[in-house]
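Below is one structure; the comments refer to it alone.
Reminder, nothing fancy here: chain letters follow the sequence lines and each chain counts from 1.
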Protein chains: 2
Amino acid sequence: MAVKTDDVHPNTASRQPLDRLDRKILSTLVEDATQSYAELGRKVGLSAPAVHERVKRLKRTGVIRKIAALIDGEAVDKNLLAFVHVDTSGWGKTPELLAVAEHPEVEEIHTVAGDTCLLLKVRARDARALEGLLARIYSAPGVIATRSYVVLSTYLERPPQPAHSVSWPVLEKWQANAGVSSQP
Amino acid sequence: MAVKTDDVHPNTASRQPLDRLDRKILSTLVEDATQSYAELGRKVGLSAPAVHERVKRLKRTGVIRKIAALIDGEAVDKNLLAFVHVDTSGWGKTPELLAVAEHPEVEEIHTVAGDTCLLLKVRARDARALEGLLARIYSAPGVIATRSYVVLSTYLERPPQPAHSVSWPVLEKWQANAGVSSQP
DNA sequence: ATAGTGGCCGAATGAAATTCGGCTACAACA
DNA sequence: TGTTGTAGCCGAATTTCATTCGGCCACTAT
């Protein structure tokens with residue numbers, strides 16, 4: 001599968017509703033984007049050129065944002081995962097605060113409704129690296145407080161799925177620890 | 001790039017320390033896994049078969065978990081993103097609670113250190129779907145309370161990066177809203 | 001009715017993955 | 001210090017696959 005990413009330009013505007021075949025294609029590609037178009041076509045009931053055309057459209061309209069390698073954070077010296085809530089006095093979308101996006105440790109930044117303004121997901125080498133990041137956050141004007149939730153263990157972590165997709169295998173350690181059953 | 005996912009079997013045990021070339025390969029593949037081995041080899045300074053061999057090893061040892069399509073959640077009827085904190089009386093890793101992993105809306109489940117036990121990331125169709133999920137969570141024994149943080153807008157959302165990787169482009173709406181600059 | 005269009009197929013072509021044999025550099029060991 | 005083994009690399013060869021092309025069918029609107 002060499003769905004070239006070159007032509008991925010989110011023409012979000014011209015988006016058609018996705019039919020059942022599109023969803024099936026997406027489900028399959030979310031699980032594994034390395035299969036051939038022939039194989040993919042066999043799974044969804046189309047010829048290789050037909051799925052090729054559909055995948056191109058899905059990429060052109062930005063439904064498929066990219067084809068990427070998903071890596072194990074712990075394997076690349078990112079052992080600490082934390083969620084950081086940031087409270088600000090004003091409405092916290094200052095450039096100084098949002099500039100934390102430049103740190104590769106910061107994986108997500110959201111504004112949320114609730115008792116806090118900003119919510120960050122941070123994957124860092126260790127506590128010291130997190131501390132440095134928090135220091136930078138506090139240095140931004142208007143920041144009143146932060147609350148960090150340090151992840152002890154992760155039981156599930158998967159990218160967005162289309163509705164009715166097959167499920168990501170629950171991590172082994174999770175199964176070992178909790179003996180969760182596999183079907184509802 | 002057809003790094004077949006078939007042979008991805010996380011032999012986490014036999015992991016060698018990653019050298020600079022491995023990291024460069026990872027950085028590149030995290031950005032775009034559709035490039036050819038020849039292209040990849042040119043970027044990191046190796047021949048195509050050489051990078052092929054390295055990528056196979058990275059997959060075999062589980063550093064690369066999978067090659068996947070990253071899709072736009074909003075394009076597939078997942079308009080609501082929320083983080084849910086779950087407080088439990090006991091130590092909340094009961095099978096009943098963890099069984100929410102079967103819902104494709106649940107993207108992440110972590111246990112955290114802080115004033116809560118469990119932290120979920122949920123991407124659902126709408127508030128009603130979230131409500132249904134919360135109902136299921138409350139039905140689990142030992143659940144005392146939940147606090148949901150509904151995401152208003154997302155400014156950054158990217159998968160884990162190897163250290164010193166190039167950064168994911170900040171979402172356009174973020175730039176438009178906040179005018180964040182691109183370099184530290 | 002009929003021209004236009006979107007989406008599909010099978011075959012053909014070109015590019016890329018994957019394999020293979022050999023080479024070099026380094027390490028363990030006698 | 002020589003020697004054997006091994007890990008990792010390269011270039012060439014093979015095979016598989018992405019991608020293109022022409023034609024067909026079904027549906028729509030004029």
Under 3.5 Å, is there a donor-acceptor pair between the B:Thr116 and A:Tyr149 side chains?
no
- Task: Verify, without hydrogens or angle tests, whether B:Gln161 (side chain) and B:Pro159 (backbone) share a donor-acceptor contact under 3.5 angstrom.
- Result: yes
So does B:Ala69 get a backbone contact from the side chain of A:Arg65, meaning a donor-acceptor N/O pair under 3.5 Å?
no
Atom CG of A:Leu40 and atom P of D:dC17 are separated, to the nearest Å, by 13 Å
Separation of C:dG7 atom C1' from A:Asp22 atom CG, nearest Å, is 12 Å
One would report the end-axis bend of the helix from C:dA1-D:dT30 to C:dA30-D:dT1, five pairs per end and rounded to 10 degrees, as 30°
**Prompt:** If only atom types and distance count, is the side chain of B:Thr88 paired as donor or acceptor with the main-chain N or O of B:Gly90 below 3.5 Å?
**Reply:** yes
In whole angstroms, the gap separating C1' of D:dC17 from CD of B:Gln35 amounts to 18 Å
Between CD of A:Glu53 and P of C:dG10 the distance, given in whole Å, is 16 Å
Quick note, A:Arg54 side chain, CB onward, closest among D:dA18, C:dA16, C:dG7 is C:dG7
Taken to the nearest whole Å, CG/A:Leu46 to P/C:dC9 is 5 Å
Side-chain atoms of B:Tyr37 come closest, of D:dT20, C:dA17, C:dG10, to C:dA17
Separation of C:dT19 atom C1' from B:His52 atom NE2, nearest Å, is 9 Å
Taken to the nearest whole Å, NZ/A:Lys56 to C1'/C:dC8 is 14 Å
message: Evaluate B:Arg125 against B:Leu80 for side chain to side chain contact (heavy atoms under 4.5 Å, CB included), listing each step before the verdict.
response: CA-CA 6 Å; B:Arg125 174 186 299 272; B:Leu80 182 78; over 6 Å; no
Kindly say whether A:Glu31 contributes a backbone atom to a donor-acceptor pair with the side chain of B:Lys66 at under 3.5 angstrom? yes
Of the candidates C:dC8, C:dA11, D:dC9, the side chain of A:Pro49 sits closest to C:dA11
Exercise. Report the relative orientation of the aromatic rings in B:His85 and A:His85; use parallel for angles under 30°, tilted for 30 to 60°, perpendicular for over 60°.
Key: tilted
From CZ of A:Arg42 across to P of D:dT16 the rounded distance in Å is 14 Å
